[in-house]
Amino acid sequence: MFEAIAFYTFSAITIVMFWITVTSKNALYAMSALAAGMIMISGFFFLLDADFLGVVQIIVYTGAVMALYAFGMMFFDTTRDVKERVRAPKLVFLLSGMTALVLVIALVAPILGDHIEALYPMKEGIENPQAVGIVLFTKYLVPFEVAAVMLLVAMIAGIVLAGKKMDESLTLKVEDEFTQKGAQ
Amino acid sequence: MITLSHYLVLSAVLFAIGLVGVYRRKNLLMLLFSTEILLNAANIGFAAISKFYGDLTGQMFAFFIVAVAASEVAVGLGLMIVWYKRRGTLDIDSMQSMHG
């Protein structure tokens, strides 16, 4: 009963928030709505007994990613409304609806065929974070290390891209830069 | 009673919303927001399947998706800052430097 109430409340709020994110003209409103939707999604994870995933969702998404967006938006002019020229808006809805439908069919087909077997079944009497740790550090150790390297590369890339004078490119000159350099 | 289908339908609805955003947004920042929605919709599906089939693999993939999303945001924002410094706009139509 409470699960149903929680599910429908969370899903209604999440859908509304993400719809605001997609349609809003103001970048700040879009970002705030996205952060609210992320928090609501962590509610689903708690409902699904994925406690650790829910905590990670809050920390990484609403903590790190949203803070990064907020810092990044200091570089852009966010007070102005975003001007967008949309060609064929009905086609957009049709295309996205059809794509989502095809994806759902493709994903649900093996479930309906009941060909799924649990590779790493959840054991009784083990809490979720502990079970996650056991599987992550045994079966998924190599992907875990690769993910760590990937995060390191992303961090270095972020520092270099935002910090160095990367906007003065040698390969992608704009026209006035050509003339300016040619005049010297 | 909430079943697996409920969660999968919700995941599909959120994915469709994200796809609408990807298709109709012309601003790069908004486009990145829409990709976050796509990744989160996939995460809900993974967590739901993990619960209803008693398998932790779904949650593992959700963790890796979170890691990928975090690094994607770091690199994407860096590239966006560079582009904004160069061109002063984040409109996708301004990126047609290779006219075919």
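Hydrogens, waters and symmetry mates are skipped; everything else that's a heavy atom, side chains included, is used. Chain naming here is simple, since letters A, B, ... match the order of the sequence lines and numbering starts at 1 in each.
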Go through the atoms of [X] and report whether side chain, backbone, both or neither lie under 4.5 Å from a heavy atom of chain B.
X         : value
Phe18(A)  : both
Ala147(A) : side chain
Leu68(A)  : both
Val60(A)  : side chain

Cut-off 3.5 Å, no hydrogens considered: what does the side-chain donor-acceptor table look like for residues 40-49 of chain B, sequence neighbours left out?
unit_1, atom_1, unit_2, atom_2, d
Asn40(B), OD1, Gln57(A), NE2, 2.7
Asn40(B), ND2, Glu36(B), O, 3.0

- Query: Do Ile81(B) and Leu161(A) come within less than 4.5 Å of each other through their side chains, counting heavy atoms only?
  - Reply: no
- Item | Side chain proximity check, Leu29(B) to Met31(A), heavy atoms < 4.5 angstrom |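 No, side chains not in contact.
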- Options Val13(B), Leu32(B), Val68(B), ranked by heavy-atom pairs under 4.5 Å with chain A, top entry: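 Heavy-atom pairs under 4.5 Å are most numerous for Leu32(B).
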- Message: With chain A as the partner, which of Val9(B), Val66(B), Val22(B) has the greatest number of non-hydrogen pairs under 4.5 Å?
- Response: Val66(B)
- Message: Is Met1(B) close to chain A through its backbone or its side chain, or both, or neither, when contacts mean heavy atoms under 4.5 Å?
- Response: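 The side chain, not the backbone.
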- Side chain from CB out, backbone as N, CA, C, O: work out which of these in Tyr7(B) comes under 4.5 Å of a heavy atom of chain A, or both, or neither. both
- Message: Between Tyr69(A) and Phe33(B), is the ring centroid distance below 6.0 Å?
- Response: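 Aromatic pair counts; centres sit under 6.0 Å.
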- Residue list, side chain to side chain donor-acceptor pair (under 3.5 Å) with Thr3(B), at least two apart or on another chain: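 Once residues adjacent in sequence are excluded, the partners of Thr3(B) under the side chain to side chain donor-acceptor pair (under 3.5 Å) criterion are His6(B).
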- Message: As a quick check of understanding, evaluate ring-ring contact (aromatic ring centres under 6.0 Å, His included) for Phe52(A) and Phe63(B), giving each step before the final call.
- Response: CA-CA 10 Å; Phe52(A) 192 65; Phe63(B) 285 123; 5.4 Å; yes
- Test ring-ring contact (aromatic ring centres under 6.0 Å, His included) on Phe93(A) and Tyr23(B) and set out the steps. CA-CA 9 Å; Phe93(A) 287 98; Tyr23(B) 282 139; over 10 Å; no
Who among [options] has the most heavy-atom pairs with chain B under 4.5 Å?
options                                   : answer
Ile41(A), Val153(A), Ile156(A), Thr14(A)  : Ile41(A)
Ala157(A), Gly158(A), Ala50(A)            : Ala50(A)
Leu101(A), Val146(A), Leu151(A), Leu91(A) : Leu151(A)

For [X] versus [Y], what's the shortest heavy-atom pair and its separation?
X        : Y         : answer
Ser24(A) : Met30(B)  : O-CE, 4.0 Å
Ala74(B) : Ala154(A) : CB-O, 4.1 Å
Arg25(B) : Thr21(A)  : NH2-O, 3.0 Å
Ser71(B) : Met150(A) : OG-CE, 3.5 Å
Leu10(B) : Ser11(A)  : CD1-CB, 3.3 Å
Tyr61(A) : Ala69(B)  : OH-CB, 3.1 Å

Between [atom1] on residue [X] and [atom2] on residue [Y], distance to nearest 0.5 Å:
X        : Y         : atom1 : atom2 : answer
Met73(A) : Leu77(B)  : CE    : CG    : 10.0 Å
Leu53(A) : Gln59(B)  : CG    : CD    : 6.0 Å
Lys51(B) : Leu47(A)  : NZ    : CG    : 8.0 Å
Leu56(B) : Ile134(A) : CG    : CD1   : 9.0 Å

Connected via hydrophobic side-chain network under 4.5 Å: [X] and [Y]:
X         : Y         : value
Phe137(A) : Val132(A) : yes
Val55(A)  : Val135(A) : no
Leu31(B)  : Met66(A)  : yes
Ile15(A)  : Ile2(B)   : yes
Ile92(B)  : Tyr84(B)  : yes

- Message: Check this for me: Phe144(A), atom CZ, are more than 12 non-hydrogen atoms of other residues, nucleotides or ligands nearer than 6.0 Å?
- Response: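 Not more than 12 within 6.0 Å, no.
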- side chain to side chain contact (heavy atoms under 4.5 Å, CB included) evaluation trace for Leu136(A) with Phe64(B): CA-CA 10 Å; Leu136(A) 191 62; Phe64(B) 291 126; 4.0 Å; yes
- Go through the steps to decide whether Thr57(B) and Lys139(A) satisfy the test side chain to side chain contact (heavy atoms under 4.5 Å, CB included), and finish with yes or no. CA-CA 10 Å; Thr57(B) 312; Lys139(A) 310 286 183 190; over 6 Å; no
